[in-house]
Amino acid sequence: MSRPSLTIAVAQPRCVSYDIDTNVAAHAAMVGAAAARVVIFPELSLTGYELDAAPVDPSDPRLAPLVAACAATGALALVGAPVAGEHIATLAVDGGGARVAYRKMWLGEVEARRFRPGPAPVVLDVDGWRIGLAICKDTGIVEHAARTCAAGVDVYAASIVDAAAEAHVPDQRASRICATHRVVVAVASFAGATGGGYVETAGRSAIWAPNGSLLARAGTAPGDFVRTTLA
């Protein structure tokens with residue numbers, strides 16, 4: 001049975017630390033602008049990279065504008081937030097609401113002072129396309145891509161925060177994952193200043209083809225996004 005084409009976008013919204021309402025509005029606007037079936041956002045995009053931010057409940061009414069934007073466009077938004085149980089997570093948001101889709105498995109040293117590692121890789125099915133989820137340090141762990149891709153994936157979708165000086169790192173990791181697993185790699189990278197000492201983050205969100213060639217690349221500014229259609 002044939003599956004429809006899949007348009008995916010990687011987005012880097014302007015983020016105000018701890019301000020859920022403002023950040024949800026920015027996410028909703030980007031979902032509308034991207035006009036994609038799947039829109040991937042950076043790590044902790046709803047709160048900023050603030051490791052003391054309060055957990056976000058998927059049923060929080062402040063998420064309603066993002067749910068409405070997804071309903072209007074038919075999009076699935078993959079957004080970053082701390083969640084109960086002390087996890088750094090990806091929320092899957094669509095027109096029906098939000099849910100915790102994935103919990104980060106490999107934590108940074110400072111993150112581990114508060115958060116716990118997630119239990120297992122996660123692969124989502126979207127219109128017959130299989131999307132494996134990753135958050136930041138996960139992408140640098142060979143085992144993570146191996147276990148995720150072993151479940152059968154078309155797209156390895158990562159949400160990250162990197163300093164501007166480390167902008168080359170996601171490219172190196174994407175190249176390795178493409179070469180090893182022959183999957184599309186889509187990375188949503190934080191842009192603009194945020195917590196955790198990130199005075200300047202990398203931006204440059206990107207999507208790579210299974211052969212490692214670059215399909216789309218955003219700039220370094222908050223508010224930028226790029227998209228591509230997979231057939």
Side-chain angles (χ1 to χ4, degrees), residues 3 6 8-10 37-45 49 51 55 58 76-94 98-162 166 168-190 202 205-215 228 230:
R3 60 188 178 183
L6 181 75
I8 61 173
V10 287
R37 179 69 175 92
V38 178
V39 186
I40 305 157
F41 290 91
E43 181 177 22
L44 294 176
S45 60
Y49 189 79
L51 299 183
L76 171 69
L78 300 174
V79 306
V83 299
E86 302 299 354
H87 293 287
I88 295 173
T90 298
L91 301 183
V93 184
D94 61 18
R99 64 182 177 86
V100 179
Y102 173 69
R103 297 164 176 85
K104 186 176 184 177
M105 296 176 66
W106 271 270
L107 301 170
E109 181 179 351
V110 177
E111 295 169 349
R113 297 174 190 170
R114 170 185 172 183
F115 295 102
R116 302 167 53 209
V122 169
V123 178
L124 304 179
D125 188 291
V126 181
D127 303 337
W129 294 83
R130 292 179 59 78
I131 302 176
L133 304 183
I135 300 175
C136 212
K137 188 176 179 179
D138 290 337
T139 64
I141 306 298
V142 170
E143 180 186 347
H144 184 272
R147 290 177 61 188
T148 303
C149 293
V153 306
D154 301 294
V155 180
Y156 184 86
S159 304
I160 72 169
V161 177
D162 263 326
E166 301 297 318
H168 61 285
V169 173
D171 295 55
Q172 293 172 344
R173 294 177 177 181
S175 178
R176 170 180 52 79
I177 294 165
C178 290
T180 305
H181 302 289
R182 295 294 172 180
V183 295
V184 172
V185 176
V187 176
S189 176
F190 209 103
S205 299
I207 305 168
W208 292 264
N211 65 5
S213 62
L214 187 65
L215 295 174
T228 194
L230 309 176

Nearest-0.5 Å distance that lies between atom [atom1] in [X] and atom [atom2] in [Y]:
{"X": "Leu214", "Y": "Thr228", "atom1": "CG", "atom2": "OG1", "value": "9.5 Å"}
{"X": "Lys137", "Y": "Asp162", "atom1": "NZ", "atom2": "CG", "value": "12.5 Å"}
{"X": "Ile135", "Y": "Ser159", "atom1": "CD1", "atom2": "OG", "value": "6.0 Å"}
{"X": "Asp127", "Y": "Leu230", "atom1": "CG", "atom2": "CG", "value": "11.5 Å"}
{"X": "Glu143", "Y": "Asp138", "atom1": "CD", "atom2": "CG", "value": "10.5 Å"}
{"X": "His144", "Y": "Cys149", "atom1": "NE2", "atom2": "SG", "value": "9.0 Å"}

Taking the side chain as C-beta and beyond, is there a heavy-atom pair between [X] and [Y] under 4.5 Å?
{"X": "Leu91", "Y": "Leu78", "answer": "no"}
{"X": "Ile88", "Y": "Leu44", "answer": "yes"}
{"X": "Thr139", "Y": "Val187", "answer": "no"}
{"X": "Arg173", "Y": "Val185", "answer": "no"}
{"X": "Glu43", "Y": "Phe190", "answer": "no"}
{"X": "Val184", "Y": "Pro210", "answer": "yes"}

Check whether [X] reaches the backbone of [Y] with its side chain - one donor and one acceptor, N or O, closer than 3.5 Å.
{"X": "Thr180", "Y": "Ile177", "result": "no"}
{"X": "Arg103", "Y": "Val83", "result": "no"}
{"X": "Arg37", "Y": "Leu6", "result": "no"}
{"X": "Asp94", "Y": "Leu76", "result": "no"}
{"X": "Ser45", "Y": "Gly80", "result": "yes"}
{"X": "Arg147", "Y": "Ala120", "result": "no"}
{"X": "His87", "Y": "Lys104", "result": "no"}

- Query: So does Arg114 have more than 12 non-hydrogen atoms from other groups sitting under 6.0 Å from CZ?
  - Reply: yes
Contact summary for [X] and [Y], nearest pair of heavy atoms:
{"X": "Ala188", "Y": "Phe41", "result": "CB-C, 3.4 Å"}
{"X": "Arg176", "Y": "Ile141", "result": "NH2-N, 4.3 Å"}
{"X": "Trp208", "Y": "Pro170", "result": "CH2-O, 4.3 Å"}
{"X": "Val93", "Y": "Ala98", "result": "CG2-CB, 3.8 Å"}
{"X": "Val123", "Y": "Gly152", "result": "CG1-O, 4.1 Å"}
{"X": "Ser205", "Y": "Ser189", "result": "OG-N, 2.7 Å"}

- Task: Show your reasoning for whether side chain to side chain contact (heavy atoms under 4.5 Å, CB included) applies to Trp106 and Glu111.
- Result: CA-CA 10 Å; Trp106 271 270; Glu111 295 169 349; over 6 Å; no
- Task: Sort out for me which residue in Leu133, Thr90, Val153, Val155 forms a side-chain contact (heavy atoms from CB on, under 4.5 Å) with Leu124.
- Result: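 That would be Leu133.
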